[in-house]
Amino acid sequence: MTVLDVRNVETFYGAIMALRGVSLSVEEGEIVTILGANGAGKTTLMKTIAGLMDPEKGQIEFNGVRIDSQAPDKIVAQGLALVPEGREVFPYLTIEENLRMGAFTRRGADIREDMELVYSYFPILKERRTQSAGYLSGGQQQMLAIGRGLMARPKLMLLDEPSLGLSPLLTQEIFGIIKRLNAEQGVTMLLVEQNANVALHTAHKGYVLEMGRIVMAGTCEELRNSEDIQEFYLGKQ
Ligand code: ATP
C-alpha cells in the first residue's frame, strides 16, 4: 500500500523555485532516503510534506487522502510526524515535557505507555527525564527529537538529517534505532541525509534530489552501484 504519494510538487520562496516538480512515493513498511547536496531542496521537501510550506503546484496524498492544503497539526493527527533538521527540542522544558509535546494532538490514557516505549529505545532519556533538554548532548537531543516524533504514534516519520553534527559512532547508533523502529514498530520512514553511505545501508530505496528535481531513483543496492553516486555521494574515485 502506498503511504505517501508526492506528485509534481513545486514550492517557492518568493520568486525562488526550490522544488521543481518533485514526484516520489513511499510504500508501507519502507525506509526511503533522499540524498542531495546542500541547497538541493531536501528540507523544503520535508516542510512541504509536513504542511509547514504550501506547494504552489502538485499534490500530496497520505494514506490516500490529500494533505497538501491541510494545516500541519491536522497532518500530524493523521499519523505523519516530522523530526526537523537541527532537532529543535524545547531547551527549557524537561525531557518528559518535550515528549508530552509530541503527543499534543492526542488525548487520553496511553501517553504514559508510549513514553515507556520511547524510554525502552532510549534508556538515557529515562535516566535524565526530569532534566532540561538544553543540557543534553547533540546525540541525546536527536534521540529526544525522534522520541517526541514517536509520541504522535506516527505511521510515517519524516527525518531531516538525523546525523547532522553527530560522530560516526552516534550516527550508527541513531540509524540502528531507526531500523529497529521500522522493523519492530512498523513505522514507515522517509529520511533526508547527507551521509549517503549510512543512508544507503539503512534504507530500502532512495531518490537523489538536485536543484529541486529528482534526478535518480532506485533500490539502495542500485544506487550504491551507480558510478555517479559513487563519485558524487560516496566519495569513491
Ligand atoms: P541543506 O542540506 O543545506 O539543509 P537542503 O537540500 O535542505 O539544504 P533547502 O534548505 O530545502 O535545501 O533549500 C533549497 C533552496 O531554497 C536553496 O537554494 C536555498 O537557498 C533556498 N532557500 C531555502 N530557504 C530559503 C528561504 N527562507 N528564503 C529563500 N530561499 C531559501
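None of the values given here were measured: they were computed from a predicted structure. Counting begins at 1 with the first residue of the sequence. In listed order, ligands and their atoms are each counted from 1.
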Worksheet item: What pair of heavy atoms forms the shortest contact from Glu10 to Arg20, and how long is it?
Response: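 Closest pair (atom of Glu10, atom of Arg20, distance): CG-C, 4.3 Å.
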Tell me the protein heavy atom at minimum distance from [atom], and give that distance in Å.
atom: atom 11 (O) of ligand 1; result: Thr44 OG1, 2.4 Å
atom: atom 10 (O) of ligand 1; result: Thr43 CB, 3.8 Å
atom: atom 3 (O) of ligand 1; result: Asn38 OD1, 3.2 Å
atom: atom 16 (O) of ligand 1; result: Tyr13 CE1, 3.4 Å

Item to complete: Could you tell me which atoms of ligand 1, counted from 1 in the order shown, lie closer than 4.0 angstrom to a heavy atom of Lys42?
Response: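 Near Lys42, the atoms of ligand 1 are 2 (O), 5 (P), 6 (O), 7 (O), 8 (O), 11 (O), 12 (O).
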Worksheet item: Can you list the atoms of ligand 1 that are under 4.0 Å from a heavy atom of Glu161?
Response: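 With Glu161 as reference, the close atoms of ligand 1 come out as 2 (O).
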Practice prompt. Give a yes or no on whether atom 29 (C) of ligand 1 lies under 4.0 Å from any heavy atom of the protein.
Written response: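 Yes; the ligand atom in question has protein heavy-atom contact below 4.0 Å.
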Item to complete: Following the transitive rule for hydrophobic clusters with a side-chain heavy-atom cut-off under 4.5 Å over Ile, Leu, Val, Met, Phe, Trp and Tyr, establish whether Leu52 and Leu191 coincide in one cluster.
Response: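 No, it is not one cluster - the side chains of Leu52 and Leu191 are not joined through contacts under 4.5 Å.
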Worksheet item: Got an N/O contact under 3.5 Å between Gly41 and ligand 1?
Response: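 Looking only at distances, the answer is yes, because the N/O contact criterion of under 3.5 Å is met.
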Worksheet item: Short N/O distance, under 3.5 Å, between Ala40 and ligand 1?
Response: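 Yes, there is a polar N/O contact under 3.5 Å.
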Fill in: Note, Met101 side chain near Phe90 side chain (heavy atom, < 4.5 Å)
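Heavy-atom side-chain distance check passes, below 4.5 Å.
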Worksheet item: Tell me, do Asp114 and Arg112 make a side-chain contact under 4.5 Å, heavy atoms counted?
Response: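 In short, these two side chains do not touch, never coming nearer than 4.5 Å.
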Practice prompt. Just do the side chain to side chain contact (heavy atoms under 4.5 Å, CB included) check on Asp54 and Thr48 with the steps written out, would you?
Written response: CA-CA 6 Å; Asp54 284 331; Thr48 304; over 6 Å; no
Practice prompt. For the residue pair Gln141 and Glu88, confirm or rule out a side-chain donor-acceptor distance under 3.5 Å.
Written response: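 No, Glu88 and Gln141 have no side-chain donor paired with an acceptor closer than 3.5 Å.
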Fill in: Shortest heavy-atom approach to atom 14 (C) of ligand 1 - which of Gly39, Ala37, Gly36
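It is Gly39 that holds the nearest heavy atom.
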Would you call [X] a ligand 1 contact, heavy-atom distance under 4.0 Å?
X: Met46; result: no
X: Met211; result: no
X: Gln194; result: yes

Item to complete: Using atom types as modelled and distance alone, determine if a side-chain donor or acceptor of Asp160 lies under 3.5 Å from a backbone N or O of Val192.
Response: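 Pair absent, no side-chain N/O of Asp160 close to backbone of Val192.
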